[in-house]
Amino acid sequence: MLRERPKLGEILLKKSLVNKEQLKEALEVQQREHKPIGEILTELKMVTEKDIVVALGEQLRIPYAFQDGSLSKLTPMADQGLEKLISETFAKRYYVLPLSRHLNSLTIACVDPLDLLMMDNLKKLTGCEINFVLTLKADLQKAIDNFYGGRYFLRKAISASYEEEVEQKTEPAGQLSLDELVAKAEEAPVVRLVDLILEQAIEERASDIHIE
């Protein structure tokens, strides 16, 4: 026999995050505005977005991840071609981010796992079974920007630096003056690469930077 999952309002009541009067008020607003109850409670400042994510995770039995000084929990696995599987446009439209893929199973960070249109489009786009991880909208936005924006420009900077190095190796060998060495160190690809590394380290509050 299947057990009916508890309602979001019941979970919030049980956790003493709202009282019956607050829940009644939110339900009355919901009847007029036809919005999700969690969104209404947040707009009325009765609970925080994090409270809703935790309660929703409990209701749907979906894990959740929050930014805890870094975005490590919301960093997609490297070398899986995830940026090709889900485009930046799709990720920003539906607030989703691919985290990892194992065979036909794809793990996605999202803010609204009940969005049926998003779920249907994800399945059609990827051909995978979808597993969700819940998170805060602001955290997810930063992670999406970091993954699609940062990775793209970082790859371009590295590629430009590498191509420049190859070109230099084909030039006649000669001793460079100190001024020439300083000038080359200040050229755009090198400066951009260092800037990107430092920006990411600051954003993730890293204590060290290790380069191999």
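Counting from 1, the numbers follow the sequence of the chain as shown.
- Here Asn104 pairs with Cys128, Glu129 under the side-chain contact (heavy atoms from CB on, under 4.5 Å) rule; sequence neighbours left out.
- For the pair Asp51 and Lys15, the salt-bridge criterion is not met [side-chain N within less than 4.0 Å of a carboxylate O].
- Evaluation of the side-chain contact (heavy atoms from CB on, under 4.5 Å) rule for Val111 yields Tyr95, Lys137, Leu140 as partners, not counting sequence neighbours.
- A single hydrophobic cluster is not seen to contain both Ile11 and Leu44; linkage of ILVMFWY side chains at heavy-atom distances under 4.5 Å, directly or through other members, places them apart.
- No side-chain donor-acceptor contact under 3.5 Å links Glu83 to the backbone of Phe147.
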| Could you walk me through whether Arg93 and Met118 pass the side-chain contact (heavy atoms from CB on, under 4.5 Å) check? | CA-CA 9 Å; Arg93 179 180 178 183; Met118 176 268 289; over 6 Å; no

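- One N or O on the side chain of Arg101 and one on the backbone of Leu103 form a donor-acceptor pair closer than 3.5 Å.
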| message | Please determine whether salt bridge (Lys or Arg N to Asp or Glu O under 4.0 Å) holds for the pair Lys92 and Glu88, giving the CA-CA distance in whole Å, both sets of side-chain angles, and the decisive distance to 0.1 Å. | response | CA-CA 6 Å; Lys92 289 185 174 181; Glu88 180 178 4; 2.9 Å; yes

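- A donor-acceptor pair under 3.5 Å is formed between the side chain of Gln22 and the backbone N or O of Asn19.
- Interatomic distance, Thr135 OG1 to Tyr64 OH, rounded to the nearest 0.5 Å: 11.5 Å.
- Electrostatic pairing of Glu28 and Arg32 does not count as a salt bridge here, judged by no charged N lying under 4.0 Å from a carboxylate O.
- Between Leu82 and the choices Leu106, Ile108, Leu97, Leu99, the side-chain contact (heavy atoms from CB on, under 4.5 Å) rule is met once, by Leu106.
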